[in-house]
Amino acid sequence: MTSLEADAIRGALGDFAARRLEELEVFEEIESTNSYLLRQPAPSPGGFRVALTDNQTAGRGRHGRAWQSPPGTGLCLSLGYTFAAQPANLPALTLAIGLGASEALANLGVGGVQLKWPNDLMLNDGKLGGILTETRSLAGAAISVVSGIGLNVDLGTTPDLDLGSDTVQPVADLAGQSDTLPPRHELAARLIDSVCLAFVEYETSGFASLAARWSELDWLRGRKLEVDTSLCRIAGTGAGVSADGALLVATGPGVVTRVTAGSVVTAGGEGRRRA
């Protein structure tokens with residue numbers, strides 16, 4: 001049985017999210033919270049709906065990879081939101097969602113969570129979580145978006161998992177960072193609060209208004225890396241992200257290459273650490 005209770009989560013939400021929440025469903029077990037929301041009616045523009053579980057049996061990461069979440073080890077949470085009109089540069093929304101998740105964890109006392117372009121949450125150089133954003137068109141100009149967050153809470157002695165990464169990546173969990181984990185309903189509520197705000201901020205101002213905050217958490221900055229794109233493999237050093245969310249890679253003296261879509265297949269070096 002899931003340790004998540006819908007009423008407790010609703011009661012812990014802040015006013016900003018509570019006013020916009022149209023539906024919240026908690027599942028003891030589900031194949032995929034993203035897939036479920038994509039099958040449901042879209043929320044009205046500016047509103048959102050939530051599906052979550054701690055037992056997801058067929059979760060998905062980028063490029064169709066699996067995201068494993070054995071019962072009780074993590075939190076799988078998806079939020080559906082409807083934009084009245086498609087925002088410019090929609091792919092950068094995933095970066096905004098990652099920023100919201102990191103800031104929610106910081107507010108719960110889990111510091112040091114960084115962001116790996118384009119969709120990973122990193123903690124102590126291990127993968128703490130991942131984000132998958134999917135869309136569907138609606139009548140007129142409206143577009144419905146579902147963003148799913150998979151978060152490792154307490155893996156215990158669970159063997160190595162496939163967490164939807166583009167490459168082999170050590171894993172991390174919240175239990176390894178703190179002796180006292182926040183209650184599951186509080187963790188879920190703070191994530192919902194922050195991601196709801198991220199949707200609205202993104203709709204209002206785009207990624208440019210969030211870029212400076214995102215850059216402070218950039219795990220790839222200063223690291224040697226390789227990125228696979230549809231055309232080629234790019235090797236260099238992480239040089240931050242642009243105002244539109246593109247990954248910047250220093251590929252030679254004075255040469256910086258923009259990557260708007262691709263997979264980071266290797267990343268090493270010292271990188272930059274937050275204090």
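The figures that follow rest on heavy atoms only: side chains count, while hydrogens, waters and symmetry mates do not.
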Is there a side chain to side chain contact (heavy atoms under 4.5 Å, CB included) between Ile149 and Ser147? Walk through the geometry before answering. CA-CA 7 Å; Ile149 301 173; Ser147 286; 5.9 Å; no

When you group the ILVMFWY residues by side-chain heavy-atom contacts below 4.5 Å and let the links chain together, are Leu13 and Phe16 in the same group? yes

For Tyr202, the ring pair (Phe, Tyr, Trp, His ring centres under 6.0 Å) test, sequence neighbours excluded, returns none

So, does Asp193 use its side chain to make a donor-acceptor pair with the main chain of Gly14 at under 3.5 Å? yes

Any pair with a residue in residues 12-26 that passes side-chain hydrogen bond (donor to acceptor under 3.5 Å, both in side chains), sequence neighbours left out, goes on the list, sorted by first then second residue, please. Glu22-Ser44, Glu25-Tyr36, Glu25-Arg49

Using the rule given for side chain to side chain contact (heavy atoms under 4.5 Å, CB included), can you reason through Val249 versus Val256, listing the C-alpha separation, both sets of side-chain angles and the distance that settles it, and then say yes or no? CA-CA 5 Å; Val249 182; Val256 175; over 6 Å; no

Are the side chains of Leu181 and Val153 in contact, using a 4.5 Å heavy-atom criterion? yes

Testing the basics here: between Ser35 and Ser32, what is the closest heavy-atom pair and its distance to 0.1 Å? N-OG, 3.1 Å

Of the non-hydrogen atoms in Leu210 and Ala96, which two are nearest, and what is the gap between them? CD1-CB, 3.5 Å

What distance separates Thr133 OG1 from Leu95 CG, expressed to the nearest 0.5 Å? 9.5 Å

Would you say that Leu187 contacts Leu105 through its side chain, given a criterion of any heavy-atom pair below 4.5 Å between the two side chains? yes

Taken to the nearest 0.5 Å, the spacing of Leu38 CG from Ser144 OG works out to 7.0 Å

To check you understand the geometry: which heavy-atom pair defines the closest contact between Ile143 and Arg136, and what is its length? CG1-O, 3.5 Å

Step by step, would you call Leu93 with Val145 a side chain to side chain contact (heavy atoms under 4.5 Å, CB included)? CA-CA 10 Å; Leu93 174 62; Val145 175; 3.6 Å; yes

Heavy-atom pair of closest approach, residues Leu24 and Ala6: CD2-CB, 3.8 Å

NZ on Lys116 to CG on Asp218, rounded to 0.5 Å: 11.5 Å

Taking C-beta and beyond as the side chain, do Arg258 and Ser242 meet within less than 4.5 Å on heavy atoms? yes

What I want to check is whether the side chains of Asn55 and Glu28 have a donor and an acceptor closer together than 3.5 Å. no

Quick one: CD1 on Ile234 to CG on Leu225, what's the gap to the nearest 0.5 Å? 9.5 Å

Does Leu115 reach the side chain of Leu121, with side-chain heavy atoms less than 4.5 Å apart? yes

Could you walk me through whether Lys127 and Asp173 satisfy the salt bridge (charged side-chain N to carboxylate O under 4.0 Å, His left out) test, starting with their C-alpha distance in whole Å, then the side-chain angles of each, then the deciding distance to 0.1 Å, before giving a yes or no? CA-CA 8 Å; Lys127 181 168 178 173; Asp173 61 8; over 6 Å; no

Distance-only polar pair, side chains of Asp120 and Trp219, donor-acceptor under 3.5 Å: no

Would you say the side chains of Ser215 and Arg221 form a donor-acceptor pair under 3.5 Å? no

Between Asn34 and Ser78, a side-chain donor and acceptor under 3.5 Å: yes

Run the side chain to side chain contact (heavy atoms under 4.5 Å, CB included) check on Glu5 and His185 step by step: do they pass? CA-CA 7 Å; Glu5 296 291 340; His185 74 276; 5.9 Å; no

Between Gln56 and Glu31, the two heavy atoms sitting closest are CG-O, 3.1 Å

I want to check something: taking the side chain as every heavy atom from C-beta on, are Phe27 and Leu4 in contact at a cut-off of under 4.5 Å? no

Can you tell me which residue among Thr229, Val241, Leu248, Val264 is in a side-chain contact (heavy atoms from CB on, under 4.5 Å) with Val259? Thr229

Quick one: closest heavy-atom pair of Thr82 and Ala42, and the distance? OG1-CB, 3.7 Å

In Å and rounded to the nearest 0.5 Å, what is the CD to CG distance from Gln86 to Leu138? 11.0 Å

Under a 3.5 Å distance rule, please check whether Thr260 uses its side chain to pair with a backbone N or O of Ala246 as donor and acceptor. no

Give the intermediate values and the outcome of ring-ring contact (aromatic ring centres under 6.0 Å, His included) for residues Phe199 and Tyr81. CA-CA 7 Å; Phe199 274 124; Tyr81 184 87; 4.8 Å; yes

Are Leu132 and Asn119 packed together at the side-chain level, in the sense that at least one heavy-atom pair is separated by less than 4.5 angstrom? no

Carefully, step by step, assess Asn124 and Gln177 under the rule side-chain hydrogen bond (donor to acceptor under 3.5 Å, both in side chains). CA-CA 9 Å; Asn124 298 328; Gln177 179 73 2; 3.0 Å; yes

Taking the side chain as everything from C-beta on, heavy atoms only, tell me whether Val113 gets closer than 4.5 Å to Ser102. yes

Using a 3.5 Å distance criterion without hydrogens, assess whether the side chain of Asp244 forms a donor-acceptor pair with backbone atoms of Ala208. no

To the nearest 0.5 Å, how far apart are NZ in Lys224 and OG1 in Thr237? 3.5 Å

Would you say the side chain of Leu52 lies within less than 4.5 Å of the side chain of Leu75, judging by non-hydrogen atoms? yes

